[in-house]
Amino acid sequence: MNETASITFAEQSYDIDVIKGSEGELGLDIGQLRSKSGLITLDPGYVNTGSCQSAITFIDGEAGILRYRGIPIEQFAQSPNFIEVAWLLIFGSLPTRHEYDDFVVDLRKHANLDEGMKHHFEGFPRNAPPMAILSAMINALSCFYPELMKIEDPESFRNAAARLISKVRTIAAYAFRHSMGLPFIYPDPTLRYVPNFMHMMFSQPYQQYECSETVNTALSLLLILHADHEQNCSTSTVRMVGSSQANLFASCSAGVSALWGPLHGGANVAVIRMLEQIHEGNMTPEDYVKLAKDKNSDVRLMGFGHRVYKNFDPRAKILSEQAQSILREMKLHDPLLDIARKLEEIALQDPYFVERKLYPNVDFYSGIILRALGIPTDMFTVMFAIGRLPGWIAHWWEQHQTPGSRISRPRQIYTGNTKMDYMPIEQR
Ligand code: SDX
């Protein structure tokens, strides 16, 4: 039996059911509020508002916990396998050996793009933002695979998911190759997921790129840590678009657009730009932190703060350690890592950040790792999108499968002109 809460307004009381999640989270079910009381709720930015019930990912922001289908993300760090985690998020449990092998075969089979898609890349300017290309070309998949537009059954959904997860690498790599004026390198079906992506990014017609285990492990873990994160801005966008019964490709294309913003996935690029600015001697870490605290500056300490985490982002903890070990293994030294550590040290002792519970988030260290792996800065958010794609697909399908799922259509509180008459232009 659900507990209830009560709202009193204009001398009337209204009982509201309280829903309890499997981890004890409580929520007011206001589904009948307007019909019962005429009242709606108002919560810009949805700081206090849940949009759905979901069984995919759990975050405890106060304790710094992140679990995929109940499994703590730290447990994927030992031997990271992105495809296994993608399957877990989308289908709800870790794949059996048979399911895994079948899925890998599908991913290898569907890495190519329709030759007709290549002309679209040639139409983009060399300096086109890769996130614009990624969003456009994911949407364009619906033109080339009409049979996957209408998802009526789990089989067609599985095919669409496999194609999308496989082809997103090819689209990303071709966007990079186009920006460099390099020939497209076809996927190699003998290679695993990450090595095939790195092959398409960095091989040359005369020389194959050999992906080391260090790079494969580091990039697999990075993709896993980005794979899902409850109802973040881009995932909520995918759900919003999918709620109109728009197809999977169109919904994920919208997710790419939301992720692009510097307050969201675009932060990993903004962090590196911030570190480079300090490194180039334009300012000291202390100066930058001072600027980030100044309300009159539009500067923020990028890679810091989070809507949900009011403790360390567990992903940032893992990435901070991994950045150190990757640079060591690759015998690299990146001065930006030293600057990042200095910024973290200053901010974590500064009352402004402590009072507001602002800690490093997933974007604070991810760029250092991507740089060490040779990924160009303007491709960082694209890497975030490749990682987040299984999460978007999982949420799209969970919403699609939820009985009684309806189109999302929030209400508002109107604050504009009350009724007035049209005035002919001669009288204005
Ligand atoms: C991601 O939602 C997700 O799960 C996202 C994500 C995912 O996996 O999908 O985790 C990925 O997007 C991580 C966040 C990446 N963005 C950044 O690193 C950009 C810098 N951070 C912020 O802009 C901010 O912290 C947000 C956007 C992350 C969170 O914004 P909120 O929850 O709306 O918080 P807010 O803007 O209301 O800030 C609260 C206070 C304000 O000060 P006051 O008005 O109370 O005085 O904290 C301040 C803010 O000015 N503040 C910062 C700050 N972040 C918040 N001040 C300086 N630097 C910062 N980074």
Side-chain angles (χ1 to χ4, degrees), residues 43-51 54 56-62 64-68 73 85 89 131 222-239 252 255-275 285-319 340 343-344 346-348 350-368 380-381 383-392 394-395:
D43 185 20
Y46 307 111
V47 179
N48 307 287
T49 299
S51 60
S54 177
I56 299 170
T57 292
F58 171 68
I59 299 174
D60 180 329
E62 281 64 37
I65 288 173
L66 172 57
R67 297 188 199 132
Y68 294 157
I73 52 158
V85 171
L89 289 168
M131 287 294 273
L222 200 84
L223 295 178
I224 287 170
L225 295 179
H226 287 79
D228 193 48
H229 215 239
E230 291 189 350
Q231 303 309 317
N232 59 84
C233 179
S234 53
T235 300
S236 296
T237 301
V238 171
R239 278 182 171 258
C252 290
V256 172
S257 301
L259 188 71
W260 191 356
L263 293 187
H264 191 14
N268 55 17
V269 176
V271 167
I272 291 299
R273 300 284 185 239
M274 170 180 77
L275 298 175
E286 291 76 7
D287 295 338
Y288 204 98
V289 169
K290 206 165 152 201
L291 211 50
K293 290 160 58 178
D294 177 0
K295 288 294 168 219
N296 300 320
S297 85
D298 61 357
V299 168
R300 287 198 157 189
L301 186 55
M302 299 312 276
F304 253 72
H306 199 277
R307 173 62 57 76
V308 176
Y309 290 121
K310 300 308 168 192
N311 193 324
F312 250 86
D313 180 336
R315 302 168 297 179
K317 267 189 185 169
I318 296 171
L319 290 174
L343 282 173
E344 181 181 340
I346 298 167
L348 294 183
D350 185 307
Y352 173 94
F353 293 89
V354 174
E355 285 155 14
R356 292 170 177 79
K357 298 185 177 177
L358 303 176
Y359 291 89
N361 60 49
V362 68
D363 294 302
F364 194 62
Y365 286 105
S366 58
I368 303 276
F380 285 5
T381 313
M383 298 312 296
F384 193 146
I386 294 173
R388 185 52 53 89
L389 190 60
W392 290 338
H395 282 274

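We number each residue from 1, following the sequence as shown. Being a predicted model, the structure only gives us computed values, none of them experimental. In each ligand, atom 1 is the first atom listed, and ligand 1 is the first ligand listed.
The single protein non-hydrogen atom nearest to atom 20 (C) of ligand 1 is Phe304 O, 3.4 Å, given as residue, atom name and distance. Nearest protein neighbour of atom 19 (C) of ligand 1, counting heavy atoms only, is Met302 CE, 3.7 Å. Protein heavy atom at the shortest distance from atom 22 (C) of ligand 1 is Arg300 NH1, 3.2 Å. In this structure, the protein non-hydrogen atom closest to atom 44 (O) of ligand 1 is Lys295 NZ, 4.0 Å. Among all non-hydrogen protein atoms, the one lying nearest atom 10 (O) of ligand 1 is His306 NE2, 2.6 Å. Summary of contacts: the protein heavy atom closest to atom 27 (C) of ligand 1 is Leu263 O, 3.9 Å. For atom 45 (O) of ligand 1, the closest non-hydrogen atom on the protein side is Arg356 NE, 3.8 Å. The shortest contact between atom 58 (N) of ligand 1 and any protein heavy atom is with Leu301 N, 3.0 Å.
Contact detail for Ser234 and Asn232: the closest heavy-atom pair is OG-OD1, 2.8 Å. Of all heavy-atom pairs spanning Lys293 and Asp350, the tightest one is NZ-OD2, 2.6 Å.
Distance check on atom 39 (C) of ligand 1: every protein heavy atom falls at or beyond the 4.0 Å cut-off. Proximity of atom 4 (O) of ligand 1 to the protein is indicated by at least one non-hydrogen atom lying closer than 4.0 angstrom.
For ligand 1, the atoms closer than 4.0 angstrom to any heavy atom of Arg307 are 29 (C), 31 (P), 32 (O), 33 (O). Interface atoms of ligand 1 facing Ala292, defined by a heavy-atom separation under 4.0 Å, are 57 (C). Within ligand 1, the atoms closer than 4.0 Å to a non-hydrogen atom of Asp363 are 1 (C), 13 (C), 14 (C), 15 (C), numbered from 1 in the order shown. Here is the list of ligand 1 atoms found below 4.0 Å of a heavy atom in Gly305: 25 (O), 28 (C). Near Gly303, the atoms of ligand 1 lying under 4.0 angstrom from a non-hydrogen atom of the residue are 17 (C), 18 (O). The ligand atoms of ligand 1 that sit less than 4.0 angstrom from a heavy atom of Ala267 are 15 (C), 16 (N), 17 (C), 18 (O).
Under the 4.5 Å side-chain criterion, counting only non-hydrogen atoms from C-beta, Pro360 is in contact with Leu348. A heavy-atom distance below 4.5 Å is found between the side chains of Leu319 and Val362. Put simply, the side chain of Met131 reaches to within 4.5 Å of the side chain of Leu259, judged on heavy atoms. Between Thr237 and Ser257, every side-chain heavy-atom pair lies at or beyond the 4.5 Å cut-off. Here the side chains of Val238 and His395 are not in contact, with every heavy-atom distance at 4.5 Å or above.
With His226 as reference, Phe384 is the one residue of Phe380, Tyr68, Phe384 to meet the ring pair (Phe, Tyr, Trp, His ring centres under 6.0 Å) rule. The only member of Tyr359, Tyr365, Phe364 that meets ring pair (Phe, Tyr, Trp, His ring centres under 6.0 Å) when paired with Phe312 is Tyr359.
Atom CD1 of Ile346 is separated from atom CD of Glu286 by 4.0 Å, given to the nearest 0.5 angstrom. For the atom pair CZ (Arg67) and OG1 (Thr57), the distance works out to 11.5 Å, reported to the nearest 0.5 Å. Rounding to the nearest 0.5 Å gives a distance of 10.0 Å between CD1 of Ile73 and NZ of Lys317. One distance of note links OG of Ser297 with NZ of Lys290; it measures 11.5 Å at 0.5 Å rounding.
Between His229 and ligand 1, a contact under 3.5 Å exists for at least one N or O pair.
Proximity of His264 to ligand 1, defined as any heavy-atom pair under 4.0 Å, is shared by backbone and side chain alike. Under 4.0 Å from ligand 1, the heavy atoms of Arg315 that appear belong solely to its side chain. With a heavy-atom cut-off of 4.0 Å, Val47 does not touch ligand 1 at all.
Applying the salt bridge (Lys or Arg N to Asp or Glu O under 4.0 Å) test to Arg356 and every residue at least two apart in sequence or in another chain returns nothing.
Contact analysis leaves Gly45 out of contact with ligand 1, as no non-hydrogen atom separation drops below 4.0 angstrom. Assignment of Val308 to the shell around ligand 1 is not supported, since no heavy atom sits closer than 4.0 Å. Within the structure, the closest approach of Lys293 to ligand 1 does not fall below 4.0 Å when heavy atoms are considered. Remark: distances from the non-hydrogen atoms of His226 to ligand 1 are all 4.0 Å or more. Taking 4.0 Å as the cut-off, Arg388 counts as a neighbour of ligand 1 on heavy-atom distance. Proximity of Tyr352 to ligand 1 is established by a heavy-atom distance of less than 4.0 Å.
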Name each donor-acceptor pair under 3.5 Å that joins a side chain in residues 300-308 to protein atoms two or more places apart or in another chain, with its distance.
| from | atom 1 | to | atom 2 | distance (Å) |
| --- | --- | --- | --- | --- |
| His306 | ND1 | Val308 | N | 2.9 |
| His306 | ND1 | Tyr309 | N | 3.2 |
| Arg307 | NH1 | Gly45 | O | 2.9 |

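Here atom 52 (C) of ligand 1 lies nearest to Leu358 when heavy atoms of Asn361, Leu358, Asn232 are compared.
The backbone N or O of Ala267 sits nowhere less than 3.5 Å from a side-chain atom of Asp363 that would complete a donor-acceptor pair.
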